[in-house]
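Everything on this sheet refers to the single structure shown next.
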Amino acid sequence: MRPVLSDAQIDLLLQERKPLPSDWRTKLDPRMRDSNSESDHAKLHIQGAAGNRFRIHIRDNSKKTPLDFSVILVFTDEGGNEYRLLRHNGLHPSEHTNKWERDQGLENVKFRKKFHIHHCTERYQIAGYEEDGYVEPTAKFQSLESALVALFDDHNFVYPGERAGQGHLKLGTDDE
Amino acid sequence: MMNESLLLPDFRRAICNEIDIEQEGRDRYIVYTPFMFDDGDHFVVLLKKSDGAWYFTDEGHTFMHMGYSGVDFTSSSRWRVIESALQNHRIEHSDGELRMRLVDDHAGDCLFSYIQGLSRITNVTQITREFVAATFMDDLRELLGTLIPENRRTFNWFDPVRDAEGNYTIDCMVPNEDRPWFIFGIGNDDKCQYATVCCLHFETLGVPFQSVAIFRDQPSISRKNVARLTDVVGKQFSSLHDTDRIRDYFGHVVLSKTSRT
């Protein structure tokens with residue numbers, strides 16, 4: 001059985017310095033469609049400064065539904081177990097329910113059609129729910145590109161040859 | 001005891017309140033339902049008019065969401081389950097979009113059948129790696145059946161003269177003049193070692209042959225075992241997923257009239 005990641009461990013992983021490789025733009029261009037996938041997607045493997053393994057995964061369904069996308073940060077532990085630490089999601093034409101909060105009888109556990117972020121939490125793992133089932137609506141991004149920038153800016157990603165937060169995002173061109 | 005005459009209206013109201021519909025553009029409505037993926041995101045169900053007919057559609061969201069799991073649901077065994085669900089619920093699949101045409105006066109039935117179909121499809125990501133491993137040889141056999149004409153292949157072949165007990169059985173043998181093709185499916189370390197032993201055995205006997213090893217998931221096999229097999233086998237494919245390359249190789253090399261490696 002997969003070990004539970006504590007909230008403290010999750011915070012440490014999110015804070016870990018994550019240097020981006022020079023070709024990150026082309027690797028994260030979801031137009032580089034995988035022929036085995038039904039939606040455009042792209043992925044990039046990154047090794048953190050503390051040696052932890054991360055992967056950014058982008059899925060883009062905006063050809064069919066405008067602004068339906070996901071930018072996912074995955075952590076792989078030493079045993080090969082994968083955890084979705086964060087998921088920056090676009091506007092799905094549907095609802096979301098925070099199941100753990102619903103079970104506690106809390107208010108405002110459902111919302112519709114908002115840009116939102118899935119967070120990995122200890123309590124969801126312990127309750128047997130998907131690790132990133134807890135969601136908060138966000139105003140940090142309104143597009144796939146800005147969702148990626150928000151991920152980079154908030155979680156210690158470092159652009160090649162630059163300090164964190166100074167990169168200019170344009171998917172598909174590696175000009176470093 | 002609860003009064004049924006009071007309970008039933010409340011029950012109906014509670015159920016109805018879980019379903020909602022909201023217009024979003026011309027001939028396009030979002031249908032909100034309580035049915036959701038494991039992460040709490042609800043199924044996407046849209047009611048859309050297209051070419052004069054009304055459809056329920058997910059606009060490709062279901063497969064996109066299933067991709068989060070990291071599970072390859074296009075593998076043969078999982079895809080078979082999906083195809084069964086599509087067929088049973090009369091859901092059409094086109095370029096990742098799942099849609100169902102509404103039948104007059106049966107919108108409710110269609111909605112629930114559509115949702116039930118989506119639910120069955122999303123459950124495919126729960127099919128374990130062990131199950132997929134267990135069906136690997138069936139999947140391989142199915143693929144080879146489509147690539148090699150029936151009169152040119154023998155599954156589970158063994159040499160009736162030199163190996164009457166079938167101790168060195170080959171998963172699939174394709175006759176080819178004096179150098180037959182031996183095809184091995186490698187699902188685990190034991191099978192990797194077995195294929196290595198088979199190749200060495202026929203080499204020792206001086207039997208000329210050509211060979212192909214198709215792995216279920218090569219990275220999951222011990223590197224030493226892969227290295228030993230690499231020393232004796234001809235062509236390798238790291239997974240069944242590489243169907244296009246496998247198909248191309250069989251078409252242009254294995255089944256060519258003068259196939260030699």
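Each chain gets a letter, A, B and so on, in the order its sequence line appears, and its residues count up from 1.
For B:Asp20, the side-chain hydrogen bond (donor to acceptor under 3.5 Å, both in side chains) test picks out A:Arg112, with sequence neighbours left out.
The distance from the CH2 atom of B:Trp54 to the CG atom of B:Leu102 is 9.0 Å, given to the nearest 0.5 Å.
Although no hydrogens or angles enter the test, the distance criterion places no donor-acceptor pair under 3.5 Å between the side chain of A:His155 and the main chain of A:Leu151.
Aromatic pair B:Phe73/B:Phe63: centroids less than 6.0 angstrom apart. In this structure, B:Phe215 has its ring center at least 6.0 angstrom away from the ring center of B:Phe237.
Both the backbone and the side chain of B:Tyr68 come within less than 4.5 Å of a heavy atom in chain A. For B:Thr57, no part lies near chain A; criterion is any non-hydrogen pair under 4.5 Å. Residue A:Asn98 does not touch chain B at all, counting heavy-atom pairs closer than 4.5 Å.
Among the candidates A:Arg102, A:Glu95, A:His116, A:Lys110, the residue making the largest number of heavy-atom pairs closer than 4.5 Å to chain B is A:Glu95. Comparing B:Met36, B:His42, B:Met66 by heavy-atom pairs within less than 4.5 Å of chain A, the highest count is held by B:His42.
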Could you list the donor-acceptor pairs under 3.5 angstrom formed by side chains in residues 184-191 of chain B, with sequence neighbours left out?
| residue | atom | partner | partner atom | Å |
| --- | --- | --- | --- | --- |
| B:Asn188 | OD1 | B:Asp190 | N | 3.2 |
| B:Asn188 | OD1 | B:Lys191 | N | 2.8 |
| B:Asp189 | OD1 | B:Ser222 | N | 2.8 |
| B:Asp189 | OD1 | B:Asn225 | ND2 | 2.7 |
| B:Lys191 | NZ | B:Asp171 | OD1 | 3.2 |
| B:Lys191 | NZ | B:Asp171 | OD2 | 2.6 |
| B:Lys191 | NZ | B:Gly185 | O | 2.8 |

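Residue pairs meeting the salt bridge (Lys or Arg N to Asp or Glu O under 4.0 Å) criterion with at least one member in residues 218-227 of chain B, sequence neighbours excluded, do not occur.
In plain terms, the two heavy atoms of B:Asp39 and B:His65 that are nearest each other are OD2-NE2, 2.9 Å.
Of all residues in residues 129-143 of chain A, those placing a non-hydrogen atom less than 4.5 angstrom from a non-hydrogen atom of chain B are A:Glu130, A:Asp132, A:Gly133.
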